[in-house]
Amino acid sequence: MQNALIAALGKDFPWAQHLHCYKSVTSTNLLAKEMAAKGAPHGTVLLASHQTAGRGRLGRSFHSPENSGLYLSLLLRPQCNAEALMHLTCAAAVASCDALEAACGHRPGIKWTNDLVWGTRKLGGILTELGWTGDGRLAYAIVGIGINRTQQPQDFPPELQSMAASVSMMAGKSVEALPLATQMLLSLYKMDQNLLSGKAAMLASYRRDCITLGKDICVLSGDTVQYGQALDVDEQGGLTVRFTDGTVRTVAAGEVSVRGMYGYV
Ligand code: BTN
């Protein structure tokens, strides 16, 4: 895969020398963290055909069977502080939609904050993790992207069968790993180039793709459930909600997850 991917991207692709493809790893995000600690540069990309311990947001797992999905982590060393990067997961979600649209002709939606969806089903997700220097400055950001590529509904574990989808299900035909990975890397490179200067345009795309906006939702925080309507996504990627008691507040992705009133979306 590695040579074919470099050939598809062109050897002048700026991240070509920092591309690592694996058959099987625990988690590309975990491995990226280990590489970051050893000094791996900005633009290091890890791709795996299989993860034995794929990780999702809020401590969940990400089902990552062999040769069925795209499992990718990108290591960035942004020259800014963490506050200026609060929109990174949103930017990665828009980049993933762009890549999927280019690779298979269908643009998925985004369920705030980090889920890629097709109709009422989850197609993939994004896990962004930050690393710090000893004196508390931002050392790196890892953007982990997992996309279900070839599964049919019966291939998912029983508890996911009614809510998970794959690119094959969305496109009605199989999409090879190589063109999808190629489009994903091209999109992520463009995202990185525009991360700070293109924030307003990116957020406009995010709001267009975000299927949560306008919906009646449940906001879940630990054991607490609150009901409201999703109004907007703010500059930091937070979700502005009008709760049923009339108050309007913006919730941050690190604290909560949302569900539709009647199911996953
Ligand atoms: C989520 O659904 O909450 C986020 C899922 C993110 C999964 C990807 S797969 C590649 C990278 N490595 C991981 O362990 N997780 C991310």
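Because the structure is predicted, anything quoted here is derived from the model rather than measured. Numbering of residues begins at 1 and proceeds along the displayed sequence. Remember, it's 1-based here, ligands and their atoms both numbered in the order they're listed.
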Give a yes or no on whether L70 and L160 share a hydrophobic cluster (residues Ile, Leu, Val, Met, Phe, Trp, Tyr; joining criterion: side-chain heavy atoms under 4.5 Å apart).
-> yes
Taking the six-membered ring for Trp, are the ring centroids of F243 and Y227 within less than 6.0 Å of each other?
-> no
Are N29 and S73 linked by a side-chain donor-acceptor pair shorter than 3.5 Å?
-> yes
So do the side chains of M35 and T44 get within less than 4.5 Å of each other, counting heavy atoms only?
-> yes
So, D115 side chain and K111 main chain: donor-acceptor pair closer than 3.5 Å or not?
-> no
Check ligand 1 for N or O atoms under 3.5 Å from a protein N or O and list each pair with its distance.
from	atom 1	to	atom 2	distance (Å)
ligand 1	2 (O)	K122	NZ	2.5
ligand 1	3 (O)	R57	N	2.8
ligand 1	3 (O)	N114	ND2	3.4
ligand 1	12 (N)	T28	OG1	3.0
ligand 1	12 (N)	N29	N	3.4
ligand 1	12 (N)	Q51	OE1	3.0
ligand 1	14 (O)	S27	OG	2.7
ligand 1	14 (O)	R55	N	2.7
ligand 1	15 (N)	R55	O	2.7

Partners meeting ring-ring contact (aromatic ring centres under 6.0 Å, His included) with F62 (sequence neighbours left out) | none
